[in-house]
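Here's the structure we're looking at; comments come further down.
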Amino acid sequence: MAESENGSIGLPDLGDSIDALTFEQILEMDDDEEEREFSKSIVYGFFEQADKTFKEMDSALEKNDLATLSALGHFLKGSSATLGLTKVKDSCEKIQHFGARKDENGNPTHYDDRKFLSLIRDTVKVVKADYKEVERVLKQFYRDPDAH
Amino acid sequence: MRFDDNMDRDQAMGGGGSANSSSDFVRKLYKMLEDPSYSQVVRWGDDGGSFVVLENERFTKSILPKHFKHSNFASFVRQLNKYDFHKVRHNNEENGHSPYGSGAWEFKHPEFKANNKDSLDNIRRKAPAPRKPPQVVDEAVPTQQMDLVNTQLVATQQQLQQLQQRYEELNIHNSILTQELIGVQKTVVNHEHVMQNVMSYLHSVDARQRRDSKAGGPFANTEENTAPSANADPAQQQISPLEDEPASPLQNASKLLHEMSADVQLNYKNLEQMSEVHNRNGAISTPPPDGRHPRAPASAGSSSSMGYAKLHGEQDAVVYPVGQTNGIDPMYSEHIHNIPYPMPSKDETIDPRVSAPAGRKKSAQVDPGWVRAPQILLVEDDQTCRRIGSKFLYSFRCAIDSAFDGLEAVNKMNAGSKYDLVLMDIIMPNLDGVSACHLIRQFDHTPIIAMTSNIRSDDISMYFQHGMNDVLPKPFTRDGLLNMLEKHLGHLKQIPDGMEPMAQNPGTSIPQSSAGHSLKDESSPTQSPSTISNWQSPGQFSGISPTQAVPPHQYMHPMHSGFGQEQSPVQYQVPHTEMGAPRQMQHRRRISEIGSDDISNDPKRQRMYDQTNPMGMQPMARPR
C-alpha cells in the first residue's frame, strides 16, 4: 500500500527512542499525510505536557516530595507510552517506582528517602535528555522550523 | 396424517383380499354405531340413513381410540370423505340448524344405512390419486414435510441437549480451572513475599559478612563455582551484578526460586489434565462476554505467572511494560501447549523497526460491522491517551463519550447515561478507576475494561474483585482495542453473510464483509506494541473476532441445508462430532489464511524476536 510505504519511509529516522509501530498506528489516524493534523496535535500536545511535567518534577524534587514525583512519573509514562516514546516511558516508569520507594523494577526496597530522591534526580536528567532527542526527531518529522 | 396412512393400509389389505368384502373402516364404523351405550355421543340418525356425532369432544377422546386407534377427529372426517361420506348440511332448512344440535356432525352415504349391513360392501374408497389429484398432493407433501420437520425437531433437541451437557461440563471445568488458578495465584503471591523476605535477610547477612571479612568476595566466588544447579539460573547472573557482589545467600535465593517453580508446576498438573480433556472434546470454549467470574481468576492467574517471570528471571527487568513475552513465562511454556486456546506464538513478536516496512497494511477505517454504533465511555485523565483512544474508537465506528476521571464517569453513569462498554483508566485524580468501577457496580453492569499499565497479578485480581470485566494493558494499541471491542461487544455485531460459504470451502476467498477485511488487514501486522494480553488467553478475544464468529453459524448450516434440500436428516445424528470438526477446520483455515499472507515473513519474525528490546515497550505476539 502506498500509504504504508510512505509512512515507513518517513519512520526509520525516528530512531531507537520511538517505537515505530506504536507511533505509526497514530500516524495512520491522520486523514491527510501531508498535514498530519491529528498526530501532530497529539505530539505537540505531548510536548507541552512533558515540559509542564518536567517543571513539576523539578519543583517536587526541591520539596523532596516522593509521592508527587511518583504520580508525575506515572502520568508522563502513560502518554509517552501511548506515543511509543519508549525511552521516555521507561525513565518515567523508574521515576514512578522510585517515588513509590521501590527499586527501578517496582520491587519494594529499603533505601532511605535521600537515596530515592537522588535516584530520581538522576533519572530526571536521563528522561530530559531522552525527551530532547525524541522532540528533535519528531519536530524534524513534522518539518518544524524549530528543528535543528 | 399417519393415521390416515394406516387406515389406507388397513383398507388396502382388507379390500385387496376380496372385492366383495366391505372395507375395515366402514365395518368398524358400522360396528361402532351398533353399540347402544354410545347413543349420547354418536348414533344413527333419526331415519337410519345417516349417522350423527353428537358430542364431538367425547367422541374424539373416548370412542375414536377404541375403534380407530387414534383420537383425531379431523382424520376421522377425512377418512369418511375418502369413502364418499358427506357431511349433511342444514343450511337450507328452516332454522339453519341441525336437528341434532348445533355442535352435531351428521354424515351420510347412500349405501350406509342402519340395519342394512349388506350394502356396506358397496361403499368403496374413492380412488385417491386419479380422482382427486389436488387433494393427494395436498396431503402427501405436508406429510413429508411434517415428518421432515419432526425429525429435524428431534435432532435439534438432541443437539440442544448435547450442547447443554457440554455447557455444564465446561462450567464444571471452568470452575475447577478457576480454583486451580486462584490457588496458583496465591502460591505465587506467597512466594513473592517469601522471596522478598529472604532477599532482604540475605542482604543484611551479606552486608555483615562483607564487613567482617575482606575475604568474603573470593569465598563467595568459590562457593558459586561449586554450587551445583544455581549457576544455570539467569536470575543469579542478573542479580549478581545488580547487587554488586556475588554471594552465597543469593545462590540460596536462586535455589529457592527453583524449588518454587517446581511447586507451581505441580499446581498446574490439574490444569493440564483439564486442558487435555478440553482438547479431546475439541471444545474451544470462549467465555461469554461478561462471564466475569470465570475469566477473572483466569486472567489473574496467568498474570501471576508474569509476576513470576519477573521474580524468577530478572532479565525481564521491567515489570509492567507489558513486555512481549512476559505473560507467557518461557519457563512454563510446556503447559501453554495444553491450553486449548491458540496461544500467541513468541515467534510472532516483531521488532517494529523491521516489521514496519515489512508490509504492514493500514486501513485507517475499520468497520467491524456493528449493528449500531457502540456507545463507549472512555475514562482517562491523560489527554494524550484520551485523544488517541477516542480517535481509535472513532475509527472503529464507535460513539464516544469521555470522562476526565472516575468521579466524572460515575456521575455520568449515575445520571443515566447508557454505554455498551466503559474503558477505564486506573490511576486518575479525584477518583481512581477501581473505586469508580466499584461504585458503578452498585447500580450498573455495563462491561468495564481496565486500561492500565499496572498489570501485576495482585493489581489484576483487584480489578476483577471490584467488578471490572477485563484488562486492556497500556499502552493500548489499535488492534488491542479492537479486539477488546469485538470481545465484549459481540452482541452488536452482525454475522456477515459471506461467512457461510467461507466456512464450507476453506479454499474460497475472504468474505466480503468488513470484518473479514479487518481480519486480514489488521491481523497481518501481527504485532502491536503493547498489547493486549499476554496474560490473557487469546481464545478470549477470538471469541468474537470475525473468524470465531463463524462456528455458531456453521452449526446452523446443516439445518439449513436439511430444510432447503430436503436431505435426509441423518446428518443430525452426529451433531457432536460435527460440532468439534467445524471449529477445528476453522482454525486450520485461519492459520492457512494468515499464513498465505505472512508465512513468508516468519523467518524475519524470528529474527526480530531475537532483537527485541528488553525494556518491554514492545510489540508482542498478537493472538492470532
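Each chain gets a letter, A, B and so on, in the order the sequences are listed, and its residues count up from 1.
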Ring pair (Phe, Tyr, Trp, His ring centres under 6.0 Å) involving A:Tyr142 - partner list, sequence neighbours excluded:
none
At what distance, to the nearest 0.5 angstrom, does [atom1] of [X] lie from [atom2] of [Y]?
X        : Y        : atom1 : atom2 : value
B:Met195 : A:Asn107 : CE    : CG    : 9.5 Å
B:Ser395 : A:Gln25  : OG    : CD    : 10.0 Å
A:Ser70  : B:Ile427 : OG    : CD1   : 7.5 Å
A:Phe75  : B:Thr384 : CZ    : OG1   : 7.0 Å
A:Glu24  : B:Arg478 : CD    : CZ    : 11.5 Å
A:Thr82  : B:Met451 : OG1   : CE    : 9.0 Å

Applying a strict 4.5 Å limit to non-hydrogen atoms, the region of A:Ser41 in contact with chain B is both
Does any non-hydrogen side-chain atom of [Y] lie less than 4.5 Å from one of [X]?
X       : Y        : result
A:Lys77 : B:Ser453 : yes
A:Ile26 : B:Phe392 : yes
A:Ile42 : B:Ile388 : yes

Going by the rule salt bridge (charged side-chain N to carboxylate O under 4.0 Å, His left out), which residues pair with B:Asp425 if we only count those two or more places apart in sequence or in a different chain?
B:Lys474
Indicate yes or no for a side-chain donor-acceptor contact from B:Arg387 to the backbone of A:Gly45 under 3.5 Å, with no hydrogens or angles considered.
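The answer is no, because no donor-acceptor pair under 3.5 Å joins these two groups.
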For a quick test of reading the model, state the closest non-hydrogen atom pair linking A:Gly78 to B:Cys385 and the distance between them.
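Scanning both residues completely, I find the closest heavy atoms to be O-SG, 3.6 Å.
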